[in-house]
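As the structure is a prediction and not an experimental result, all values here were calculated from the model.
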Number of protein chains: 2
Amino acid sequence: MWERRYGFPQPARDQFGERVYLPQDIEKLRLLKRLMDRGHRPGKLMGLDVETLARLAAAPLPATDAEAPAANFHEFLRRLKDHDMQGVRNYLAQALMQQGLRTFVHETVAPLNAAIGQGWESGTIEVFEEHLYTEQMQRILRGAIMNLPAYHPVPKILLTTLPGEQHELGLLMAEAVLAVEGAHCVSLGVEMPVPDIVQAALRHGAHVVGLSFSIAFPAAAVAEGLHNLRTTLPPSIALWAGGRGSGHVKRPMAGVQLVPELFTLVELFKAWPGTPAK
Amino acid sequence: MWERRYGFPQPARDQFGERVYLPQDIEKLRLLKRLMDRGHRPGKLMGLDVETLARLAAAPLPATDAEAPAANFHEFLRRLKDHDMQGVRNYLAQALMQQGLRTFVHETVAPLNAAIGQGWESGTIEVFEEHLYTEQMQRILRGAIMNLPAYHPVPKILLTTLPGEQHELGLLMAEAVLAVEGAHCVSLGVEMPVPDIVQAALRHGAHVVGLSFSIAFPAAAVAEGLHNLRTTLPPSIALWAGGRGSGHVKRPMAGVQLVPELFTLVELFKAWPGTPAK
DNA sequence: GTCAAGCCTTTGTCCAGGACATAATCTATG
DNA sequence: CATAGATTATGTCCTGGACAAAGGCTTGAC
């Protein structure tokens, strides 16, 4: 479509008439992707040459005054950039031990995710470094969750994501804060088709189905997926939607509980009938 | 394409002329998918009605006399089908403790994977049950790997899969058997683009890049991906390809070491110059 | 009867050009 | 300066055509 509309890329053709992209075009496309993720629009970028794009990509973000990564994360990011995997592991394990799982999730995992995401957008973090981070963090969280007993039989909470949502860290963070409270969680992993979610919820006798949406998940798909699931799922089973992507839902949906913050998740759990307040 | 060619499915159209599929058509498509995974071809199935398809799908496989799931797995599969997650976890944890990680991988994980795969093909295992299995197994394996020290600095092995290969268990099994030997492994998780693999290998100073392919990964993509990576990666870095899908490569490729079996992986590691034989 | 080589059928994926809903931006008005 | 409406930009769908690659079948040799 871009080729038709903007004249870029203009691939060569192989013997069968199929498009073959030059390496330098692919490099430009990678730059475009990064800039578009930052909010630029394709029409404006397409005409620029690689150098201009690279300069744009290298330029620092307009400093979202929201939150600069806390100073102590610099140490973590340094270890990650140095590929000191043992150091990365130690940092996380130590933070977990010092803070406890609940505080660790809120004050280390969440801000670190934001810092990594920001680094990815600004190009200071490579793809494989982001993967390494995710991999190590998943290990730490899973390890911590595994050691917690589920002493509250209700509500039984089924956790998963819809097809297309591959971001597993959000799910693990939710499971972690719930596990701390002793909640009975069953995680199905990511990308579960709606009919299978329904079937799993019924078979498990789940009281709640919890979905996690990352900010990258298309807004339309969030609404459609939730509506789909809500109409298929028996009304007696609650549906909770969390993660940054759940913010895409502007107006409240009947029978869908939005969970904008991890704190909300804990509150919802504690407010469930039969869950003793601590 | 099927609609054009076979007349099925014949979706209704919404107000914008876009296809809307009836739930019963989707159900038939799910059956078709399952049967095609078993080797049936679409042209033969398309004309049949749902009942016939369901009967076909329910029919047992022609009993691949290769290996019936060992009797003791029945207990595990029963717990999985009963959604007794605590029981599933206990079974795996107990097997791991009894057998040790090396034997656990070879004699429990590998055959269980086969049994689950077979159950999925024959329709006795639901999608969400397969996800649950994968999730629990991943937790066990990651937990076990995390506690092993990497006392051999060389070779440093980078583990990952190519884009499109989402199967993570194979990767974890490889990491587990290597970790038992004290190998220095760095796992990047799944679906890493070739340029990023190269970059990661260089930055980490890896001696080996290990790729895992499941049997479901298209044969052509295995060959293309390996060739691609081999030509981009410096010749000094070895490239190992394992998993059932690596069997798709018929003739040996220069500079690519095929690893048909997990045992081979350990042998390759031990044969690396500088690795002391145990 | 068994096996291999070659032919035919099946099937997936590409191509081109057209259309239009929706999101993003701009403009005019209060 | 804010807001509603107009305009532009952009993604995704549609149709119909083409053909490579894989799979299955037939024929002939031994």
Is any NZ, NE, NH1 or NH2 atom of the basic residue among B:Arg13 and B:Glu3 found under 4.0 Å from an Asp or Glu carboxylate oxygen of the other? yes

Measure the distance from [atom1] on [X] to [atom2] on [N] and round it to the nearest whole Å.
X	N	atom1	atom2	answer
A:His40	D:dA9	NE2	P	17 Å
A:Phe16	C:dC15	CZ	P	13 Å
B:Met36	C:dT10	CE	C1'	11 Å
B:Gln15	C:dT22	CD	C1'	13 Å
B:Asp14	D:dC13	CG	P	11 Å
B:Tyr21	D:dC13	OH	P	11 Å

Using heavy atoms to find the nearest nucleotide of DNA chain D for B:Arg5 and B:Glu18 separately, return the residue whose nucleotide is more 5′. B:Glu18

Please walk me through it: do B:Glu165 and B:Ser214 pass side-chain hydrogen bond (donor to acceptor under 3.5 Å, both in side chains)? CA-CA 7 Å; B:Glu165 175 60 73; B:Ser214 74; 3.0 Å; yes

Does [X] put a side-chain nitrogen or oxygen below 4.0 Å from OP1 or OP2 of [N]?
X	N	value
B:Tyr6	C:dT11	yes
B:Arg4	C:dT11	no
A:Trp2	D:dG11	yes

Consider the side chain of B:Arg19, meaning its heavy atoms from C-beta on, and name the nucleotide among C:dG12, C:dA16, D:dT15 that approaches it most closely. D:dT15

Choosing from D:dT12, D:dT15, C:dT13, which nucleotide comes nearest the side chain of A:Met1? D:dT12

For residues B:His106 and B:Phe263, establish whether the separation of their ring centroids is below 6.0 Å. yes

Calculate, to the nearest 0.5 Å, the distance between atoms CG and CD belonging to B:Leu22 and B:Gln10 respectively. 10.5 Å

Please tell me which of A:Gly17 and A:Arg41 maps to the more 5' nucleotide of DNA chain C, matching each residue to the nucleotide holding its nearest heavy atom. A:Gly17

